[in-house]
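Chain letters run A, B, ... following the sequence lines, proteins first, then strands; residues in each count from 1.
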Amino acid sequence: MILSSKYPYALAETLYSGQAFRWHPILNGEAHEGILDGVRVRLSQKEDGIHFSSESGDSFDVGFIKKYLRLEDDLQLIYSQLSSDTYFTQAKDLYEGLHILRQDPWECLVTFICSANNNIPRIKSLVKGLSETCGERIRDQFGYFYSFPEPVSISEIGELGLRKIGLGFRAKYVAKVAESVVRDEIDLKSFRFLEYQEALTELLKFPGVGDKVANCVLLFSMDKLQAFPVDVWIKRVLRENYLNDSDEPIPDTKLRDWAQIHFGEFAGYANQYLFHQRRLI
DNA sequence: ATCGAACCTCCAAT
DNA sequence: AATTGGAGGTTCG
């Protein structure tokens with residue numbers, strides 16, 4: 001199956017820019033494999049577009065992949081809205097076609113709780129451990145793989161089980177969030193229909209979710225392109241390029257407010273490009 | 001309100 | 001070889 005799009009798509013940059021943690025290169029980097037909605041998916045970028053295959057073939061909705069990849073995003077519009085910022089423009093010239101992904105909110109929430117005070121290899125290994133411990137074991141033509149666990153499955157292994165996987169102090173948070181989602185029948189998918197501020201307020205009620213994690217979840221899974229996660233890398237970018245080095249430290253939420261006003265409705269796209277550029281220095 | 005320490009774990013750098 | 005410091009943060013006092 002070939003997915004075509006009007007706009008350039010930097011597939012590898014997108015899959016490995018630290019927003020999703022279950023993709024890995026296969027066939028000497030020719031293609032990428034991940035698990036979406038309990039299905040193993042392979043993607044590769046060719047001249048004529050992004051090639052996509054999975055065992056369920058066409059029965060696996062192509063529309064699903066298109067949504068996941070945000071193929072419909074109007075990059076020209078987004079670029080033009082951000083073009084007055086010279087640092088964004090620099091990053092854009094380097095990584096043209098880099099996209100935000102639209103992930104599953106539950107998986108996104110859990111993985112970004114796991115991201116606290118962790119580096120990317122650690123986050124990946126935790127998500128892998130989680131999936132292999134309480135995800136569903138599924139077989140396809142290439143062998144076995146594991147779906148990302150449902151809230152019930154995580155709540156069943158509890159804090160102790162999560163500690164065994166290596167979540168550390170995050171185990172308590174993930175366990176509580178899983179229990180809460182199960183008990184209160186919270187439909188995270190519906191958060192996407194809330195306004196940014198309202199969804200943010202709701203997410204902040206979860207233990208282990210502060211402003212940074214909430215904004216990641218909003219941006220990467222809830223269609224809030226104005227979300228602006230303030231992490232150490234973005235702080236470096238802001239400090240180095242936009243603020244006086246001599247200034248005293250500014251609280252993260254203030255930095256976010258400033259950035260959202262400065263960059264506007266696509267602040268999250270600016271965030272991803274600046275983050276990606278700074279991280280690869 | 002604001003601020004710093006503490007929190008699990010892993011691993012690279014002393 | 002043991003120890004320290006830091007990693008895409010949040011909570012608690």
Original post:
Nearest-Å distance, CZ (A:Phe228) to P (C:dG8)?
Top reply: 17 Å
Original post:
Across the strands shown, which category fits A:Arg170 at heavy-atom distances under 4.0 angstrom: base, sugar-phosphate, nothing?
Top reply: base
Original post:
Angle class for the A:Tyr68/A:Trp23 ring planes (parallel below 30°, perpendicular above 60°, tilted otherwise)?
Top reply: tilted
Original post:
Is there side-chain contact between A:Ser44 and A:Glu30, with at least one heavy-atom pair below 4.5 Å?
Top reply: no
**OP:** Mind checking side-chain hydrogen bond (donor to acceptor under 3.5 Å, both in side chains) for A:Arg256 and listing every partner two or more places apart, or none if nothing turns up?
**Re:** A:Tyr196, A:Asp211, A:Gln260
Original post:
Could you walk me through whether A:Lys235 and A:Asp252 pass the salt bridge (charged side-chain N to carboxylate O under 4.0 Å, His left out) check?
Top reply: CA-CA 8 Å; A:Lys235 276 192 259 194; A:Asp252 292 356; 3.1 Å; yes
Subject >> Pairwise C1' distance, C:dG5 and B:dA5 [rounded to whole Å] >> reply: 16 Å
**OP:** Please collect all side-chain hydrogen bond (donor to acceptor under 3.5 Å, both in side chains) contacts where either partner lies in residues 101-116 of chain A, sequence neighbours excluded, each pair once.
**Re:** A:Glu72-A:Arg102, A:Arg102-A:Asp223, A:Asp104-A:Lys189
Subject >> Side chain proximity check, A:Leu167 to A:Tyr173, heavy atoms < 4.5 angstrom >> reply: no
Original post:
Do A:Tyr87 and A:Tyr242 have ring centroids that are under 6.0 Å from one another?
Top reply: yes
**OP:** Look at the side-chain heavy atoms of Ile, Leu, Val, Met, Phe, Trp and Tyr, link any pair under 4.5 Å apart, and say whether A:Val39 and A:Phe142 land in one connected group.
**Re:** no
**OP:** Identify the 5'-most and 3'-most nucleotides of DNA chain B with at least one atom closer than 4.0 Å to a non-hydrogen atom of chain A.
**Re:** B:dC7 to B:dC10
**OP:** Could you give the distance separating C:dG8 and B:dA6 at their P atoms, to the nearest angstrom?
**Re:** 22 Å
**OP:** Output every pair passing salt bridge (charged side-chain N to carboxylate O under 4.0 Å, His left out) with a member in residues 120-133 of chain A, not counting sequence neighbours, ordered by first then second residue.
**Re:** A:Lys128-A:Glu132
Original post:
Under the salt bridge (charged side-chain N to carboxylate O under 4.0 Å, His left out) rule, what pairs show up with a residue in residues 173-184 of chain A, not counting sequence neighbours?
Top reply: none
**OP:** Would you mind listing the cluster partners of A:Ile35? Hydrophobic ones only (ILVMFWY), side-chain contacts under 4.5 Å, chaining allowed.
**Re:** A:Ile138, A:Phe145
Original post:
Are A:Tyr146 and A:Leu130 in one and the same hydrophobic cluster, where Ile, Leu, Val, Met, Phe, Trp and Tyr link if side-chain heavy atoms are under 4.5 Å apart?
Top reply: no
Original post:
Relative to the ring of A:His99, is the ring of A:Tyr9 parallel (under 30°), tilted (30 to 60°) or perpendicular (over 60°)?
Top reply: parallel
Could you write out each protein N or O paired with an N or O of nucleotides 9-13 of chain C at a distance under 3.5 Å?
from: C:dT10; atom 1: OP1; to: A:Gly210; atom 2: N; distance (Å): 2.7
from: C:dT10; atom 1: OP1; to: A:Gly210; atom 2: O; distance (Å): 3.2
from: C:dT10; atom 1: OP1; to: A:Val213; atom 2: N; distance (Å): 3.0
from: C:dT11; atom 1: OP1; to: A:Gly208; atom 2: N; distance (Å): 2.8

Original post:
Which part of the nucleic acid, if any, lies within contact of A:Ser17, taking any heavy atom under 4.0 Å across all strands shown: a base, the sugar-phosphate backbone alone, or nothing?
Top reply: base
Original post:
Can you list the steps and then say if A:Tyr273 with A:Tyr95 is a ring pair (Phe, Tyr, Trp, His ring centres under 6.0 Å)?
Top reply: CA-CA 7 Å; A:Tyr273 278 73; A:Tyr95 308 113; 7.3 Å; no
**OP:** Could you check whether A:Ile120 gets within reach of a base, just the sugar-phosphate, or nothing at all, counting any heavy atom under 4.0 Å?
**Re:** base
Original post:
Roughly how far apart, to the nearest Å, are C:dA2 and B:dC8 at atom P?
Top reply: 25 Å
Original post:
Which ones in residues 254-278 of chain A lie close to DNA chain C, meaning a heavy atom under 4.0 Å from one of its atoms?
Top reply: A:Phe275
**OP:** Give me the other members of the hydrophobic cluster that A:Leu27 sits in, counting Ile, Leu, Val, Met, Phe, Trp and Tyr linked by side-chain heavy atoms under 4.5 Å, directly or via other members.
**Re:** A:Ile26
Subject >> Counterpart residues, ring-ring contact (aromatic ring centres under 6.0 Å, His included), relative to A:Phe220 (two or more places apart) >> reply: A:Phe112
Subject >> Proximity to DNA chain C (any heavy atom under 4.0 Å), residues of residues 97-110 of chain A only >> reply: none
**OP:** Runs of at least three consecutive Watson-Crick or G-U pairs, both distances under 3.5 Å, are what I'm after; which ones involve DNA chain C?
**Re:** B:3-7 with C:9-13, B:9-14 with C:2-7
**OP:** Considering just the side-chain nitrogens and oxygens of A:Arg279, establish if one lies under 4.0 Å of OP1 or OP2 belonging to C:dA7.
**Re:** no
